[in-house]
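Each remark here refers to the structure printed beneath this line.
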Amino acid sequence: MIRFSVLDFNLQATLESGQVFGFERLPDASFRGFLRGKKVTLRREGETLVVQGRTLPSERQVREYFDLDRDLSPVYAHLETDAVLKPALEKFRGLRLIQQDPWEALACFILSSNNNVKRIQGIWRNLSAKLSPGTNAFPAASQIARCHERTLRELGLGYRAPFLQRTALFVASSPGTLDAIREASYEEAVARVIAFPGIGPKVADCVLLYGFQKVEAFPVDVWILRVMRKLYFRGRRVSEERVRRAAARRWGALAGYVQQYLFHGARNGIL
DNA sequence: GACCAGGACCATT
DNA sequence: AATGGTCATGGT
């Protein structure tokens, strides 16, 4: 077990705001899942974060995973100034962007299209149990690459099965693909990620935001589209592209962080 | 039985 | 550039 003091961190909001799909909330309000490949249970005890597991990640890895060393005051400055966003800050202060595994983000958000969080979590468990027997961690690209489309359909992927299989094959056979995305600018990274089958503008932004720390990414899904139209366009049915541009203009390099409060606030009915 | 979910893709206009 | 139909699956 490791335990260390954490400031300005909302574990529950962070793990329940649709960023990762492999954590489950236990009856005692702790969370079980994988962090940097290690199976862990996480819980808050006052100002302390407690991490348990057979093999443990380092404190530094946990701090990096949850982005704990980022100063959120620039994000809060936007949320406080804006009267319509303030409720989300008051409710979810300490919600942070997770710096998850790039491949896991790429794969999981291919699965997310026209899907819902609960079902994505189910597919995550199916893939992990079937393709990573023993550990039940999320399978590597190579494990999915040598898997037949039919097998993936049987795990509940539906029409997304060939998208994930082909993407896994490409990533597994071209080492350096993910590194190149990380090193690229946001615009170039979008172009690279969107070239994979099953990835359009929205999924690309999720992958870059959660897997590659491109904080200017602003994923516009149905929830964000609804809440942005309501809060900033007087309910007019403006396009996703206009919403993206408005977010970039308004929030710039921190748009992704603001988006996380918008999304979680909208889904919880407080915006 | 229609509608929805962290949409993408293709064909038309 | 914008619109419309289609794509699996499970929940409401």
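In what follows, chains carry the letters A, B, and so on, assigned in the order in which the sequence lines appear, proteins first and then strands, with residues in each chain numbered from 1.
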Does any N or O in the side chain of [X] come within less than 3.5 Å of the main-chain N or O of [Y], such that one atom is a donor and the other an acceptor?
X	Y	answer
A:K214	A:A184	yes
A:Q19	A:I98	yes
A:E104	A:D101	no
A:E216	A:L254	no
A:R44	A:G46	yes

Contacts of type side chain to side chain contact (heavy atoms under 4.5 Å, CB included), residue A:E64, not counting sequence neighbours
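Side chain to side chain contact (heavy atoms under 4.5 Å, CB included) check on A:E64 returns A:R36, A:Q99.
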
Quick one: label A:G198 by what it contacts on the DNA or RNA (base, sugar-phosphate, nothing), any heavy atom closer than 4.0 Å.
sugar-phosphate

So what does A:I120 hit on the nucleic acid, given a heavy-atom distance under 4.0 Å: a base, only sugar-phosphate, or nothing?
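No contact.
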
Determine, for A:F233 and A:R242, whether the Lys NZ or Arg CZ falls below 6.0 Å from the six-membered ring centre while staying within 45 degrees of the axis.
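Negative - A:R242 is either too far from the ring of A:F233 or too far off its axis.
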
Interface polar pairs with nucleotides 1-5 of chain B, N/O, under 3.5 angstrom:
residue : atom : partner : partner atom : Å
B:dA5   : OP1  : A:R226  : NH1          : 3.0
B:dA5   : OP1  : A:R226  : NH2          : 2.9
B:dA5   : O3'  : A:N115  : O            : 3.0
B:dA5   : N7   : A:N114  : OD1          : 3.0

Give me, pair by pair, the N or O atoms of the protein and of nucleotides 10-13 of chain B that are less than 3.5 Å apart, along with how far apart they are.
none

Rounded to the nearest angstrom, tell me the gap between atom [atom1] in [X] and atom [atom2] in [N].
X	N	atom1	atom2	value
A:E240	B:dG7	CD	P	9 Å
A:R244	B:dG7	CZ	P	12 Å
A:L157	B:dA8	CG	P	16 Å
A:R236	C:dA2	CZ	C1'	16 Å

Between [M] and [N], how far apart are the [atom1] atoms? Round to whole Å, please.
N	M	atom1	answer
C:dA2	B:dA5	C1'	24 Å
C:dT6	B:dG6	P	23 Å
C:dG5	B:dA2	P	15 Å

Ring centroid separation A:F109 to A:F21 under 6.0 Å:
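Yes, close enough.
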
Candidates B:dG6, B:dG7, B:dA8 - which lies nearest the side chain of A:Y159
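Comparing B:dG6, B:dG7, B:dA8 against the side chain of A:Y159, the answer is B:dG7.
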
Between B:dG7, C:dA8, B:dG6, which one does the side chain of A:R153 approach most closely?
C:dA8

Given A:E16, which of A:R267, A:K118, A:R25 fulfils the salt bridge (charged side-chain N to carboxylate O under 4.0 Å, His left out) condition?
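Exactly one candidate clears the test, A:R25.
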
With sequence neighbours left out, write down each residue that passes side chain to side chain donor-acceptor pair (under 3.5 Å) with A:E24, or none if nothing qualifies.
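With neighbours one apart ignored, the set is A:R32.
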
Side chains of A:H78 and A:D82: do they bring a donor and an acceptor to under 3.5 Å?
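A:D82 and A:H78 do not have a side-chain donor-acceptor pair below 3.5 Å.
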
On DNA chain B, nearest-nucleotide positions of A:Q259 versus A:P197: which is more 5'?
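Its nucleotide being nearer the 5' end, the pick is A:Q259.
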
Please name all residues satisfying salt bridge (charged side-chain N to carboxylate O under 4.0 Å, His left out) with A:R43, sequence neighbours left out, ordered by chain then number.
A:E45

Range-with-range stems for DNA chain C, at least three Watson-Crick or G-U pairs under 3.5 Å:
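Stem list for DNA chain C: B:2-5 with C:9-12, B:7-13 with C:1-7.
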
